[in-house]
K.L.:
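Take this structure first; my questions come after.
To find a chain, count down the sequence lines: A is the first, B the second, and so on, and within it residues start at 1.
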Amino acid sequence: MRRFKGSLIMSGIRVRFAPSPTGYLHVGGARTVLFNWLFARHTGGSLILRIEDTDVERSTEASTDAIIDSLQWLGLDWDEGPIVGGDYGPYFQSERLDIYREYADKLIKSGYAYPCYCTPEELNEARKAAMRQGKPPGYSGKCRDLSPEERRAKEAEGRRPALRFRVGEGETVVKDLIRGEVIFRNEFIDDFIIVKSDGYPTYNFAAVVDDTLMKITHIIRADEHLPNTPKQIMMYKALGFELPEFAHVSMILGKDKTKLSKRHGATSITQYRDAGYLPDALVNYLVLLGWAYDAEQQIFSREELIEKFTLDKVSKNPAIFDPDKLLWMNGYYIRETDTDSLTKLAIDHLSKAGLVSSEPSDEELTKIQAVVAILKERIRTVRDIVNQGDFFFTEEVTFDEEAFQEFLTRNYVPEMFRELKVRLEAISPFNRQTTEQVIRGYAKEIGRKAGEVIHPLRVALTGRSVSPGIFEVIEILGKDTCCKRIDSALRKLRQL
RNA sequence: GCUCCCAUCGUCUAGUGGCCUAGGACACCGCCCUUUCAAGGCGGCGGCGCGGAUUCGAAUUCCGCUGGGAGCGCCA
């Protein structure tokens, strides 16, 4: 992916992903980075990763690590930011406090910002009171025009002010690449806080300063930020900054059409990784949520995505996250993955389940590969290998009660199994072709349909009525195991 | 409540005034293949929210309505 750097003339386009480290990277955030990443790679621009850790209460280093980890897993790399550095750092907002101070001072001097002495509690009360009276819950403008004396009096009370931005008259127009012009009337926008009383900047303010200083040209982010944009534009203007382009991507919703959240099931990227999803599948699915190249194509390689992704094909309407389609796509990608790579992933899941060792011997590895090869057509997550292939690695099979009743209690089974065992023991070499020949031959001999032999045998060997092709199973299990399992099935039948 | 956004099959979408009796994908159903289950192939079900206007002609333009969503924090 990095080959785009250097081989293309830098376009000067700079985009960013700016998560707050207050949790894991979730599906919505992942789609936002993905769009930014694709836009950067498509245009030969740069992607900057900036950590917005100005919420001292909720930000954690663990979250930063988790987000970075997920990004790396997804294969979405950044050109500047944590780990890789860059010329416009620091890339943690908590390390840029003096910069915000400087610009806050400018706003105070130019009259765009003023101290507000109301406490969060007072504000909260006022909000509630307004709500009770059915009025808009906004800021009253109480500290807007305090005289120097009044300010000194408040200071004397020991109040530490927050800084508010003075919203002017008129209207603010957001020019959005996806939505066109959106007009906000300033009268509906309250004087908002730009610096908290603890000295930390708020999101809206810090983002404007950083995006400008980091020379961000395009802000691609989720729709929920659209109402923030007029506020930010006012600050750009007040500070004499040049406006970037904005592109607000619609949101990803859950099945109930509300903002996707934990209660909709898995939403963190790491959950999908652990559940056996492939990063390419997730990326491919996510890009389709709000973007389409043409009427037909569903599957896109990274290279194709980079080549074909443009903002004008991003749709405006919110998209509902559909786990079924993701699952289908993951299955598709699994089938496309070569067996060796898939085996590596399978070992993670199998060893976690205690079925194989995490550093398998050559012999064990060969077996795992064989299992993966026959299972990859029918699984949809890598973890399915554990669910569907556990019997390859266990000593005994666990019988599915229903399957046992249906196929093993048939009256012809005991005799058939005894004879089958004798015949299997005699086979050499023991492989899928030779065993198939013998078993089919035997079925014919006793005047039964192949299925009448195969189904009971499947239950004896795998414990269930559903499995990969029985002769492939037999080959991987090997002669000894097959005979042992026929014996234990017979033993269990005798105990009835 | 206020502000803003959005509106094509159940879901993701193609569609930018005539190529649309609306195309594809997932899901669902049926058939084929077949030792089961998948995979694969073939077929089916299913949609332009409503009302006006513009036009020879509207899924596509405009207005209204309705519906859904988001935002209204010293969170980001």
K.L.:
Is Ser467(A) near enough to U36(B) that one of its side-chain N or O atoms lies under 4.0 angstrom from OP1 or OP2?
P.N.:
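Checking Ser467(A) against U36(B): no side-chain N or O falls below 4.0 Å of OP1 or OP2.
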K.L.:
Rounded to the nearest angstrom, tell me the gap between atom NZ in Lys255(A) and atom P in C26(B).
P.N.:
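Taking NZ of Lys255(A) and P of C26(B), I get 16 Å after rounding.
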K.L.:
With a 3.5 angstrom cut-off on both distances, give the Watson-Crick or G-U wobble partner of U55(B), or none if there isn't one.
P.N.:
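Across any shown strand, U55(B) pairs with none.
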K.L.:
Measure from CG on Leu226(A) to P on C6(B) and round the result to the nearest Å.
P.N.:
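Interatomic distance, CG of Leu226(A) to P of C6(B): 9 Å.
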K.L.:
Using atom P of each nucleotide, how far apart are C26(B) and G44(B) to the nearest Å?
P.N.:
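Nearest-Å result for C26(B) against G44(B) at atom P: 15 Å.
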K.L.:
Figure out the CG/P separation between Asp294(A) and G23(B), and round it to whole Å.
P.N.:
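My rounded result for the distance is 16 Å.
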K.L.:
If the sugar-phosphate is the primed atoms plus P, OP1 and OP2 and the base is the rest, what is the B/S/- string for nucleotides 69-76 of chain B, using protein heavy atoms under 4.0 Å?
P.N.:
SSS-SBBB
K.L.:
Partner lookup for G64(B), please. Criteria are Watson-Crick or G-U wobble with both distances under 3.5 angstrom; report none if nothing qualifies.
P.N.:
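Because both required distances fall under 3.5 Å, G64(B) counts as paired with C50(B).
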K.L.:
With both distances under 3.5 angstrom, what nucleotide forms a Watson-Crick or G-U wobble pair with G71(B)?
P.N.:
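Answer to the pairing question: C2(B), which forms a Watson-Crick or G-U pair with G71(B).
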K.L.:
Answer yes when Glu436(A) and Arg432(A) have at least one side-chain N-carboxylate O distance shorter than 4.0 Å, and no when they do not.
P.N.:
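Between Arg432(A) and Glu436(A) there is no salt bridge, as every charged N stays at least 4.0 Å from the carboxylate O atoms.
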K.L.:
Quick one: is Arg185(A) getting a side-chain N or O under 4.0 Å of the U3(B) phosphate, OP1 or OP2?
P.N.:
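Checking Arg185(A) against U3(B): no side-chain N or O falls below 4.0 Å of OP1 or OP2.
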K.L.:
Using the C1' atoms only, state how far G23(B) lies from G47(B), rounded to an integer number of Å.
P.N.:
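Per the computed distance, 12 Å lies between those C1' atoms.
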K.L.:
Answer with base, sugar-phosphate or nothing: what part of the nucleic acid does Ala450(A) contact at a heavy-atom distance below 4.0 Å?
P.N.:
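Ala450(A): no heavy atom of the nucleic acid under 4.0 Å.
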K.L.:
Taking any heavy-atom pair under 4.0 Å as a contact, classify Phe184(A): base, sugar-phosphate, or nothing.
P.N.:
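Result for Phe184(A) = sugar-phosphate.
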K.L.:
Could you give the distance separating U21(B) and G57(B) at their C1' atoms, to the nearest angstrom?
P.N.:
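It comes out at 16 Å once rounded to the nearest Å.
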K.L.:
So, for Tyr112(A) and Phe165(A), is the gap between ring centers shorter than 6.0 Å?
P.N.:
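Yes, the ring centres sit under 6.0 Å apart.
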K.L.:
Mind calculating the distance between CD (Glu472(A)) and C1' (U36(B)) to the nearest angstrom?
P.N.:
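Checked: the CD to C1' distance equals 13 Å.
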K.L.:
Rounding to the closest angstrom, what is the interatomic distance between U66(B) and C50(B) at atom C1'?
P.N.:
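Rounded to whole Å, the distance is 7 Å.
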K.L.:
Using the ring centroid of each side chain, check whether His225(A) and Tyr203(A) are separated by less than 6.0 Å.
P.N.:
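Ring centres of Tyr203(A) and His225(A) closer than 6.0 Å.
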K.L.:
Given Asp191(A), which of Lys231(A), Arg144(A), Lys142(A) fulfils the salt bridge (Lys or Arg N to Asp or Glu O under 4.0 Å) condition?
P.N.:
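Exactly one pass, corresponding to Arg144(A).
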K.L.:
Tell me, with the steps shown, if Tyr285(A) and Asp322(A) meet side chain to side chain donor-acceptor pair (under 3.5 Å).
P.N.:
CA-CA 9 Å; Tyr285(A) 175 69; Asp322(A) 178 8; 5.3 Å; no
K.L.:
Between U60(B) and A39(B), how far is it from one C1' atom to the other, in whole Å?
P.N.:
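Pairwise C1' distance, U60(B) against A39(B), rounds to 39 Å.
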K.L.:
Ion pair present between Glu224(A) and Lys259(A), side-chain N to carboxylate O less than 4.0 angstrom?
P.N.:
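Yes, charged N to carboxylate O under 4.0 Å.
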K.L.:
Rounding to an integer number of angstrom, what distance separates C65(B) and C2(B) when you compare their P atoms?
P.N.:
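Rounded to whole Å, the distance is 13 Å.
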K.L.:
Can you measure Ile299(A) atom CD1 to G40(B) atom P for me and round it to whole angstrom units?
P.N.:
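Ile299(A) atom CD1 is separated from G40(B) atom P by 10 Å.
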K.L.:
What's Leu289(A) touching, base or sugar-phosphate or nothing? Going by heavy atoms closer than 4.0 Å.
P.N.:
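Contact class for Leu289(A): sugar-phosphate only.
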K.L.:
Using whole Å, report how far CD of Glu377(A) lies from P of G41(B).
P.N.:
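Rounded to the whole Å, the gap is 12 Å.
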K.L.:
Between Arg164(A) and Asp190(A), is there a salt bridge with N-O shorter than 4.0 Å?
P.N.:
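No salt bridge links Asp190(A) with Arg164(A).
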K.L.:
Looking at C12(B), C5(B), U8(B), which one has an atom nearest to any side-chain atom of Ala319(A)?
P.N.:
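Within the option list, the nearest is C12(B).
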K.L.:
Name the residue closer to the 5' end of RNA chain B, choosing between Val466(A) and Arg179(A) according to the nucleotide with the nearest heavy atom.
P.N.:
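Upstream on the strand: Arg179(A).
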K.L.:
Taking the C1' atom of each, how far is G49(B) from G67(B), in whole Å?
P.N.:
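Pairwise C1' distance, G49(B) against G67(B), rounds to 7 Å.
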K.L.:
Among Thr462(A), Thr481(A), Val371(A), exactly one meets side chain to side chain contact (heavy atoms under 4.5 Å, CB included) together with Phe391(A). Which residue is that?
P.N.:
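Running side chain to side chain contact (heavy atoms under 4.5 Å, CB included) over Thr462(A), Thr481(A), Val371(A) with Phe391(A) returns exactly one hit, Thr462(A).
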K.L.:
Could you please name the partner base of C20(B), counting Watson-Crick and G-U wobble pairs only when both distances are under 3.5 Å?
P.N.:
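No nucleotide pairs with C20(B).
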K.L.:
Nearest whole angstrom, please: distance from the P of U34(B) to the CZ of Arg378(A).
P.N.:
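In whole Å, U34(B) P lies 15 Å from Arg378(A) CZ.
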K.L.:
Indicate yes or no: does Arg380(A) engage Asp324(A) in a salt bridge with an N to O separation below 4.0 Å.
P.N.:
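No, no charged N to carboxylate O under 4.0 Å.
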K.L.:
So which nucleotide does G10(B) pair with, by the Watson-Crick or G-U wobble rule with both distances under 3.5 Å?
P.N.:
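G10(B) is paired, partner C26(B).
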K.L.:
Using a heavy-atom cut-off of 4.0 Å across all strands, would you classify Ile189(A) as base, sugar-phosphate, or nothing?
P.N.:
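If one applies the 4.0 Å heavy-atom cut-off, Ile189(A) turns out to touch nothing in the nucleic acid.
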K.L.:
Provide the distance between the two P atoms, one in A53(B) and one in A59(B), to the nearest whole Å.
P.N.:
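Those two atoms are separated by 15 Å.
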K.L.:
Just how far, in rounded Å, is C1' of A59(B) from CG of Asn317(A)?
P.N.:
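Between C1' of A59(B) and CG of Asn317(A): 14 Å.
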